[in-house]
Amino acid sequence: MTPSDVKATLSFSDGSPSMELPIYKGTIGPDVIDIRKLYGQTGKFTYDPGFLSTASCNSTITYIDGDKGELLYRGYPIEQLAVNCDYLETCYLLLNGELPNATQKSEFQARVTNHTMVNEQMQFFLRGFRRDAHPMAVMTGLVGALSAFYHDSTDINNPEHREIAAIRLIAKMPTLVAMAYKYTVGQPYIYPKNDLSYSGNFLRMMFATPCEEYKVSPVIERALDRIFILHADHEQNASTSTVRLCGSSGTNPFAAIAAGVACLWGPAHGGANEACLNMLEDIQKMGGVAKVGEFMNQVKDKNSGVRLMGFGHRVYKNYDPRAKLMQETCKEVLMELGLENDPLFKLAMALEKIALEDDYFVARKLYPNVDFYSGIVQRAIGIPVPLFTAIFALARTVGWIAQLNEMIADPEYKIGRPRQLFVGAANRDVKPLAQR
Ligand code: ACO
């Protein structure tokens, strides 16, 4: 953090002494006003529900310029990473700050690959769930349970524990997601096969059966890898902030990541791609492209409670750069699978076209986000809709870990403890039951 020459002065209309607040500059992006001494000096808190104006930490990992529609991982534009790197290189970058060279890449890949199996007991733990449980309910449980299986990597204050927990989480997430899926459909679990790529291995664990050879399609493998890259990190969003806050208490890394999984589940966050696909299917049932106008009227009617899922973003007030890349992947996958005329894709294109021209969306700067297309891609690959958010969690795990490790290594790190403006009843006496 570089101190700025400019200082902010906070003054009060009641004559209380004013206060000078330091300002810090980042490498790029808005400056921040340091209010850490505010309460000590004025007895007042700041009020910022939803953190609309609050930087909760300083970070070197991911940068988003929402107005420009720019996303950088460690300074590299997402468009370049998506085209030139694979997911494991991206993981290495997020964790270590630099892209790996060829030796570092193969060592990292070998390390992750070496940890893809999960403790055999985990299948008995999984068996305790209902077969029709939502995969995110199962994933929240499974990831949390890792702390019960890997005792030797649960000390968040030990850098070696954090490092091995990171590798384990990245390596085991695909295995756990695939196990959760196989459990739902009643098929045997498929063990990892370590001569496959990260995404190829995941595809095989998902879709192979012991009865026949499974051949990984390179187009689908690449598409999935791209989904993973695009979802790998997104600075201080709700689930990442949850992981940081949870980890700030000193809990173990598996527990902190499980908290992130739980947060991601919500439809305003990671659950949006599932909600988006359900929305497309509902419109399709109503009559498809012909009913788009009617649906849009509902979206614009504030009393309907209907939102155009996959549109809008807290930070992007421009086209989400990930949505463009995902639209490209979507076309490639549909072509590969002979689904170019897929009605849901056509419907999505029609919705997008109308929304991009409609005053309601233009005035509010509502553009498609990554979820708008990722659901169509995943559905085409054969991933069931309820599993979409689990795939997102798989991909985001590396971002959560990188952010968690950055926080723990930060000398300024403290347990997170927001304050409140209390507006409830002030001190009052409890009346005996007969008098209430
Ligand atoms: N459809 C219709 N109207 C919308 C939408 C939408 N998808 N998103 C925002 N608006 C409207 C709001 O009604 C509001 O209108 P108003 O100013 O007239 O009251 C205005 O746009 C601003 O909306 P907010 O909810 O205040 O914006 P916020 O930044 O809080 O919300 C959010 C962002 C939650 C993502 C929102 O756009 C949304 O619900 N989108 C749909 C869900 C979605 O796709 N989520 C994915 C997020 S990306 C991710 O997690 C990977």
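We use all heavy atoms of the structure for the numbers below, so side chains are in, but hydrogens, waters and symmetry mates are not.
A salt bridge links D86 with K105; the closest basic N to acidic carboxylate O contact falls under 4.0 Å. In this structure, E357 pairs ionically with K353, as a charged nitrogen and a carboxylate oxygen lie closer than 4.0 Å. Contact check on K25 versus D31 returns a salt bridge, with a Lys/Arg side-chain nitrogen under 4.0 Å from an Asp/Glu carboxylate oxygen.
The closest side-chain heavy-atom distance from L356 to P368 is below 4.5 Å. Using a 4.5 Å heavy-atom threshold, the side chains of N318 and K365 count as separate. F45 places none of its side-chain heavy atoms less than 4.5 Å from the side chain of Q420.
In this structure, the separation between CG on L94 and CD1 on I170 is 9.0 Å, given to the nearest 0.5 Å.
In this pair, Y181 and F207 present their aromatic rings perpendicular. The plane angle is above 60°, beyond the 30 to 60° band. Between Y319 and Y367, the ring planes lie tilted relative to each other; the angle falls in the 30° to 60° range. Note: Y198 and Y87 have tilted aromatic rings, judged against thresholds of 30 and 60 degrees for the angle between ring planes.
Taking the side chain to side chain donor-acceptor pair (under 3.5 Å) definition, one finds that Y73 meets it with nothing, sequence neighbours left out.
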Notebook entry, point to check: H234 and T62: side-chain hydrogen bond (donor to acceptor under 3.5 Å, both in side chains), yes or no, with the steps?
Noted result: CA-CA 6 Å; H234 215 226; T62 294; over 6 Å; no
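With hydrogens and angles left out, the side-chain atoms of S239 and N237 include a donor and acceptor closer than 3.5 Å.
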